[in-house]
Amino acid sequence: MSATEFHVVSPLGIAERLRSAGCVFAEEEARLLLAAVSGPAEIAAAVEQRVAGYPLEHILGWAEFCGLRIELDAGVFVPRRRTGLLVNEAVALLSADPEREHLDGAEQPVVVDLCCGSGAVGAAIAFRIPGLELHAADIDPAAVACARRNIGRVGGDVHQGDLFEALPPAVRGRISVMAVNAPYVPTGAIDSMPHEAREHEPLWSLDGGTDGLEFHRRVAAEASEWLRPGGHLVIETSQRQAGRTSSILAHAGFAVRTVRSEKLDGTVVVGHARPY
C-alpha cells in the first residue's frame with residue numbers, strides 16, 4: 001500500500017478528507033466508517049461516497065435512533081433525532097393510560113406507526129413498552145422491506161399501502177396511540193433541503209404538498225374512526241407549522257395540545273379522541 005493510500009484509509013486521513021468535504025463530525029464519522037467496512041479499497045470507496053453526499057446511515061446500513069440500531073437500506077428515509085420526541089410522547093401516553101390496567105393477558109394496547117419509513121418509531125416505542133400489538137405501515141415497498149426487519153425484532157407487523165388503506169380492518173376502533181411522521185415539508189421548500197435528503201431520500205417521504213400539511217389533513221380526517229375512545233393521535237410537525245397542524249386536528253374533533261423539545265429540536269401535536 002502506498003503512503004497516499006494509507007493516508008486515505010487511516011483514521012486521520014479519513015477525518016481530514018471528510019472535514020474538507022464539510023462533514024462537521026468528521027472524526028466520529030471516520031471511526032464509524034472504519035468499523036463498518038473492511039479492506040482499503042472498500043474503505044476508500046465508502047469515504048468517497050460520503051464526500052459525494054451520500055447519507056452516512058445509508059453507507060453504514062444502520063442509523064442510531066433512541067438508543068437503538070435501526071437497519072437502513074439505501075433510498076429509505078433516515079430517522080431524525082428530533083423524531084425521538086414523537087417516541088417519547090407516545091411512550092408517556094401509553095405509560096399513563098388508565099385503560100391498560102383493565103386489559104387482561106389476551107388483550108394488548110394497539111399502537112400504529114403510520115408512514116413508518118424504516119420502522120424506527122414503532123420499534124423504539126415497542127422496545128420501551130413491551131407487550132404491545134404493534135402495526136406499522138408505509139406506501140414505499142423499499143421502506144416496508146426495511147421496516148419488516150426492524151419491527152419484526154419487537155414482534156410487530158408491517159403493512160404496505162396508502163395511509164389507513166394499509167391497516168388491517170381488525171384494528172379499526174382499537175388503536176390506543178397512533179404515531180405519525182408523515183411528510184410535512186412544503187413542496188416549494190424541497191429545493192432548499194440538504195443535499196443528502198434531496199438526492200438520496202424518496203421525494204414522497206419529504207413532500208407534504210403546497211403548505212406541507214396535506215398528509216396531516218388526510219390523517220386527521222380518518223384517524224378518529226381507527227382510534228379507540230380516548231385514544232391519541234401524535235403527529236410530528238415543525239415549530240413553524242405547529243399552529244396549523246393543531247387547527248387541523250381540532251377541526252377534526254380532537255382535543256389538542258402541542259409539545260416542544262428544544263433539546264431535540266422537535267415538535268409534535270397530540271390529539272386526544274373523545275372518550276364517549
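Sequential numbering from 1 along the given sequence is applied to the chain's residues.
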Check for a donor-acceptor pair, side chain of Arg198 on one end and backbone N or O of Met193 on the other, with a separation under 3.5 Å.
yes
Look only at the side chain of Arg148 and the backbone of Val158, and say whether a donor-acceptor pair between them is shorter than 3.5 Å.
yes
Do Arg50 and Glu196 meet the salt-bridge criterion of a basic N to acidic O distance under 4.0 Å?
yes
Less than 4.0 angstrom from a charged side-chain N to a carboxylate O is my criterion; do Arg257 and Glu89 meet it?
yes
Please give me the minimum heavy-atom distance between Phe215 and Ala182, naming the atom from each residue.
CB-CB, 3.7 Å
Please report the shortest heavy-atom distance between Leu18 and Ala30, naming the atom on each side.
CD1-N, 3.8 Å
Kindly give the heavy-atom pair with the smallest separation between Leu233 and Ala220, and that separation in Å.
CD2-CA, 4.4 Å
Check whether Thr237 reaches the backbone of Val268 with its side chain - one donor and one acceptor, N or O, closer than 3.5 Å.
no
Is the closest side-chain heavy-atom distance between Leu134 and Ile151 below 4.5 Å?
yes
Arg149 with Asp73: basic N within carboxylate O range, under 4.0 Å
yes
Is any side-chain heavy atom of Arg274 closer than 4.5 Å to one of Pro229?
no
Exam field: side chain Thr83 to backbone Leu86, donor-acceptor pair closer than 3.5 Å
no
Distance, nearest 0.5 Å, that separates CD of Gln160 from SG of Cys116:
10.0 Å
Donor-acceptor pair, Glu64 side chain versus Gly67 backbone, under 3.5 Å?
yes
His216-Glu214 side chain donor-acceptor pair, cut-off 3.5 Å:
no
Distance-only donor-acceptor check, side chains Tyr184 and Glu236, under 3.5 Å:
yes
Strictly by modelled atom types, are Thr210 and Thr187 linked by a side-chain donor-acceptor pair under 3.5 Å?
no
Rounded distance (nearest 0.5 Å) linking atom CG of Leu56 with atom CD of Glu28
9.0 Å
Can you tell me how far the OG1 atom of Thr258 sits from the CD1 atom of Ile235, to the nearest 0.5 Å?
11.0 Å
Within a strict 4.5 Å, meaning less than it, do heavy atoms of the Ser118 and Glu71 side chains meet?
no
With the 4.5 Å side-chain cut-off for hydrophobic clustering, are Ile125 and Val112 part of the same group?
no
Student check: side-chain heavy atoms of Pro79 and Val121 closer than 4.5 Å
no
Determine whether a donor-acceptor pair (N or O, by modelled atom type, separation under 3.5 Å) exists between the side chain of Asp113 and the backbone of Ala136.
no
Looking at Val78, is its backbone amide N or carbonyl O close enough to the side chain of Arg80 to form a donor-acceptor pair, meaning the two atoms are under 3.5 Å apart?
yes
Under 3.5 Å side-chain donor-acceptor pair for His58 and His200:
no
Below 4.5 Å, heavy atoms only, C-beta onward: do Ser205 and Val76 meet side chain to side chain?
no
Backbone N or O of Ile70 within a donor-acceptor pair of the Asn150 side chain at under 3.5 Å?
no
Just wondering, do Met178 and Val180 contact through their side chains at under 4.5 Å, heavy atoms?
yes
Leu213 CG to Arg218 CZ distance, which is reported to the nearest 0.5 Å:
13.5 Å
Can you find a pair of side-chain heavy atoms, one from Ser95 and one from Ile129, that are under 4.5 Å apart?
yes
Looking at side-chain heavy atoms only, is the closest gap between Leu68 and Phe127 below 4.5 Å?
yes
In this structure, are over 12 heavy atoms from other groups packed under 6.0 Å from His195 atom NE2?
yes
Please report the closest heavy-atom contact between Gln241 and Gly212, naming both atoms and the distance.
NE2-CA, 3.8 Å
Taking only residues two or more places apart in sequence, or in another chain, which ones meet His272 in a ring pair (Phe, Tyr, Trp, His ring centres under 6.0 Å)?
His232
Is there a path of hydrophobic side-chain contacts, each under 4.5 Å between heavy atoms of I, L, V, M, F, W or Y residues, that connects Leu32 with Leu34?
yes
Closest heavy-atom pair, Ala124 versus Phe65, reported as atoms and distance to 0.1 Å, is CB-CE2, 4.0 Å
Can you name the one residue among Leu206, Leu72, Asp140 that meets side chain to side chain contact (heavy atoms under 4.5 Å, CB included) with Phe77?
Leu206
Which value, rounded to the nearest 0.5 Å, describes the distance between Leu114 atom CG and Trp226 atom CH2?
10.0 Å
Verify whether one side chain among Asn181 and Arg82 offers a donor that lies under 3.5 Å from an acceptor in the other.
no
CD1 (Ile139) and SG (Cys115) are apart, to the nearest 0.5 Å, by 9.0 Å
Nearest heavy-atom approach of Leu85 to Val259 is CD2-O, 3.7 Å
Residues in side-chain contact (heavy atoms from CB on, under 4.5 Å) contact with Asp265, at least two apart in sequence or another chain:
Arg260
